[in-house]
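As structure tokens, the structure follows; a few thoughts come after it.
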2 protein chains.
Amino acid sequence: MYSEQMIAPARHEPRLPVTGAGEGLAGLFRRQPCERFEPGAAVFWEGDAAAHLFQIAEGVLRVYKIIGDGRRVITGFLYPGDLVGLSLRERYLYTAEAVTKVRIRRLARSRFDEEVNASPTLRPELFARLSDEMAAAQDQMVLLARKSAEERVASFLLVLARRLSGDAPVQPVVELPMTRLDMADYLGLTIETVSRIMTRLTGRGVIAACGRHAIVVRQLSKLEFLAGEGDDGDHDPIGVAYTRQAVWPN
Amino acid sequence: MYSEQMIAPARHEPRLPVTGAGEGLAGLFRRQPCERFEPGAAVFWEGDAAAHLFQIAEGVLRVYKIIGDGRRVITGFLYPGDLVGLSLRERYLYTAEAVTKVRIRRLARSRFDEEVNASPTLRPELFARLSDEMAAAQDQMVLLARKSAEERVASFLLVLARRLSGDAPVQPVVELPMTRLDMADYLGLTIETVSRIMTRLTGRGVIAACGRHAIVVRQLSKLEFLAGEGDDGDHDPIGVAYTRQAVWPN
DNA sequence: CGGGGACTTGAGTACTATCAAGCGATGTGG
DNA sequence: CCACATCGCTTGATAGTACTCAAGTCCCCG
């Protein structure tokens, strides 16, 4: 189902600093054995009893919901260090599926609850992670409700580029382990629209392709502007007229 | 700024049952004095230091974010019993503004944190509320990413109708205290599109207008179908051809 | 009764979806 | 080893939904 060459997953640390003398929430998973999932394999399904939480050791996951006639919405991509299933009720709210090869650690929900309940240092961390998740969800609502296709793609690439910016090379190589269809279902677009805009961004020199599953960001500030962070609206977005040769300030 | 006649706010209890012998999270606010806000007044602004949480005693709030050139996205409407600012970091993630006249109780964040930290019954409730908020956010992402304008409006009306369904009359009167512009900014549409679809739903007998800020749901099952819960996709949505007389199964 | 704001309705446009080929890389079997 | 099938992606042509711009109506309120 997913026979393309493997992409090395992005390496990054959990987003939150460890709070106490322990190792934070991530530490709870440390002793758990790693399970492996091949690309396309589901870790759990929407509607399953939410018996476990997971932490990604390696690889990338997509989480999504399906509505009736097959429409799919990817609500997020998860990277090493991220916790999966934090905001759980009785049942999982979404399906989690491996994008790349994934190694993941599992912890019983009951055990997690006990540990968190017992630790005054873990509770704020859990809370902070939930707040981060909520903030991301709201940003995504903004993107989906009010941004154009080009702004959506640019925003997406920008988030990925910033994820790496710990080592911040001038022109970071951004891995895109997911398919174009995944991107489309995340951004509320079609695969064709995503493809066209990637092509357009490449043609304008904003990004450069490194194979199909990686890009180089050549003009970060332009990408930021196209993502809708320019805020003034007095510049012309690239290729609005499709034939026009836009002239860029720098 | 907002001079229309007041709508009686929907009365409903907090969504979660009180967990312990106390009164749950809501009880923390009980002794706080009520503050009043007129329609259009902001309770707090995106970016303000998040020093307080709020509980709505009466009225309806909208919470929204603005991007650059004035585009607004309403991420939610909040009703009596709801807590405002739960998922907070250092600063508020959004602006909260009164839709109707609002009475609201304020609690210092530090105080709230202390109380929750000290109470093993409040913690699960807080957690459950955050999970509910997350679930709602994900549903909204699905709506914005993949639903048509008609499905969005129908979904919205359905959620409001179900909010009342504690007393479940056969044809519930649903209050719409917000303006059409609010609805549009919540649903990722324009005011004209919302208006046209409301008109279309009225014309087809799915809903009936009760003035501009209330409707009667005449055919709940049809509304559910139009909201995209019909799941089979083999029926025709109303008025797809704009001229066609659809024949409904019942 | 008149003004203004919210809402509705209409006409035309534009952006993105849909439908349809074509391309390029990968993997397989003859 | 190469033809061929497959899959993911790109590109092109066309169509349709929702947006934009523009009146016009309704209702509230002074």
Side-chain angles (χ1 to χ4, degrees), chain A residues 1-7 39-40 69-72 99-100 143-153 176-185 187-203 209-215 233 236-244, chain B residues 1-7 39-40 69-71 99-100 143-153 176-185 187-203 209-215 226 233 236-244:
Chain A
M1 167 171 281
Y2 204 99
S3 56
E4 67 198 29
Q5 190 189 350
M6 285 311 306
I7 301 294
D69 48 347
R71 286 174 285 186
R72 183 180 72 157
V99 171
T100 64
L143 180 146
L144 293 169
R146 286 288 176 243
K147 290 192 175 179
S148 70
E150 186 171 87
E151 288 173 320
R152 294 182 200 195
V153 173
L176 301 171
M178 67 292 293
T179 66
R180 294 286 188 271
L181 184 58
D182 287 335
M183 289 175 57
D185 286 347
L187 298 174
L189 301 169
T190 60
I191 186 175
E192 294 96 333
T193 297
V194 171
S195 181
R196 275 186 249 272
I197 287 171
M198 296 287 287
T199 302
R200 198 199 295 174
L201 292 177
T202 304
C210 294
R212 277 169 167 169
H213 288 288
I215 60 162
D236 296 315
I238 281 183
V240 150
Y242 284 84
T243 55
R244 166 156 185 229
Chain B
M1 164 172 278
Y2 204 98
S3 56
E4 66 197 29
Q5 188 189 348
M6 286 309 308
I7 300 294
D69 48 346
R71 288 175 284 186
V99 171
T100 65
L143 180 147
L144 293 169
R146 285 290 177 240
K147 289 191 176 181
S148 69
E150 187 172 87
E151 288 173 319
R152 294 182 199 195
V153 173
L176 302 172
M178 67 292 296
T179 66
R180 294 287 187 271
L181 183 58
D182 287 336
M183 288 175 57
D185 285 347
L187 298 174
L189 301 169
T190 60
I191 186 175
E192 295 96 332
T193 297
V194 171
S195 181
R196 275 186 250 273
I197 287 171
M198 296 287 287
T199 302
R200 198 198 297 174
L201 293 176
T202 304
C210 293
R212 275 168 169 172
H213 288 289
I215 60 161
L226 293 174
D236 297 315
I238 282 181
V240 149
Y242 283 85
T243 55
R244 164 157 186 228

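Bear in mind that the values here come from a model prediction, so they are computed numbers and not experimental data. For the numbers below, each heavy atom of this structure counts, side chains included, while hydrogens, waters and symmetry mates do not. Per chain, numbering begins at 1; letters A, B, ... match sequence-line order.
Comparing Ala149(A) and Val194(B) along DNA chain C, the residue whose closest nucleotide (by nearest heavy atom) sits nearer the 5' end is Val194(B). Both Lys147(B) and Arg212(B) lie close to DNA chain D; mapped to their nearest nucleotides by heavy-atom distance, the more 5′-ward contact belongs to Lys147(B).
Side-chain atoms of Ile197(A) and Arg152(A), non-hydrogen and from C-beta on, never get closer than 4.5 Å to each other.
In terms of heavy-atom proximity, Ala149(B) sits nearest to Leu189(B) at CB-CD2, 3.8 Å. Residues Thr100(B) and Pro39(B) approach most closely at C-CG, 3.7 Å, considering heavy atoms.
In this structure, the salt bridge (Lys or Arg N to Asp or Glu O under 4.0 Å) partners of Arg71(B), at least two apart in sequence or on a different chain, are Glu151(A), Asp69(B). By the salt bridge (Lys or Arg N to Asp or Glu O under 4.0 Å) test, Arg146(A) pairs with Asp185(B), sequence neighbours left out.
Within the 3.5 Å criterion, the main-chain N or O of Ser195(B) finds a donor-acceptor partner in the side chain of Thr199(B).
In this structure, the CD atom of Glu150(B) is 9 Å from the P atom of dA18(D), given to the nearest Å. Taking atom CZ on Arg71(B) and atom C1' on dC19(D), their separation rounds to 13 Å, with Å as the unit. Taking atom CZ on Arg200(B) and atom P on dT9(C), their separation rounds to 12 Å, with Å as the unit. In this structure, Asp182(A) atom CG and dG8(D) atom P are separated by 10 Å, rounded to whole Å. Atom-to-atom, NE2 of His213(A) to P of dC7(D) comes out at 15 Å; the value is rounded to the nearest Å. Taking atom CZ of residue Arg152(A) and atom P of nucleotide dC15(C), one finds them 14 Å apart after rounding to whole Å. Rounded to an integer number of Å, the gap from CD1 of Ile191(B) to P of dA18(D) is 17 Å. One interatomic measurement links the two molecules: CD1 of Ile197(A) to P of dC9(D), which rounds to 16 Å at whole-angstrom precision.
The distance from the CG atom of Leu181(A) to the CZ atom of Arg72(A) is 5.0 Å, given to the nearest 0.5 Å.
Nearest to the side-chain atoms of Arg180(B) among the listed nucleotides dA18(D), dA17(C), dC7(C) stands dC7(C).
Thr199(A) comes within contact range of the sugar-phosphate backbone alone, with a heavy-atom separation under 4.0 Å but no base atom that close. Residue Gly211(A) is out of contact with every strand shown, counting any heavy-atom pair closer than 4.0 Å.
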Show the distances under 3.5 angstrom between N or O atoms of the protein and N or O atoms of nucleotides 20-22 of chain D.
residue: dT20(D); atom: O4; partner: Arg196(B); partner atom: NH2; Å: 2.9
residue: dC21(D); atom: N4; partner: Glu192(B); partner atom: OE2; Å: 2.9

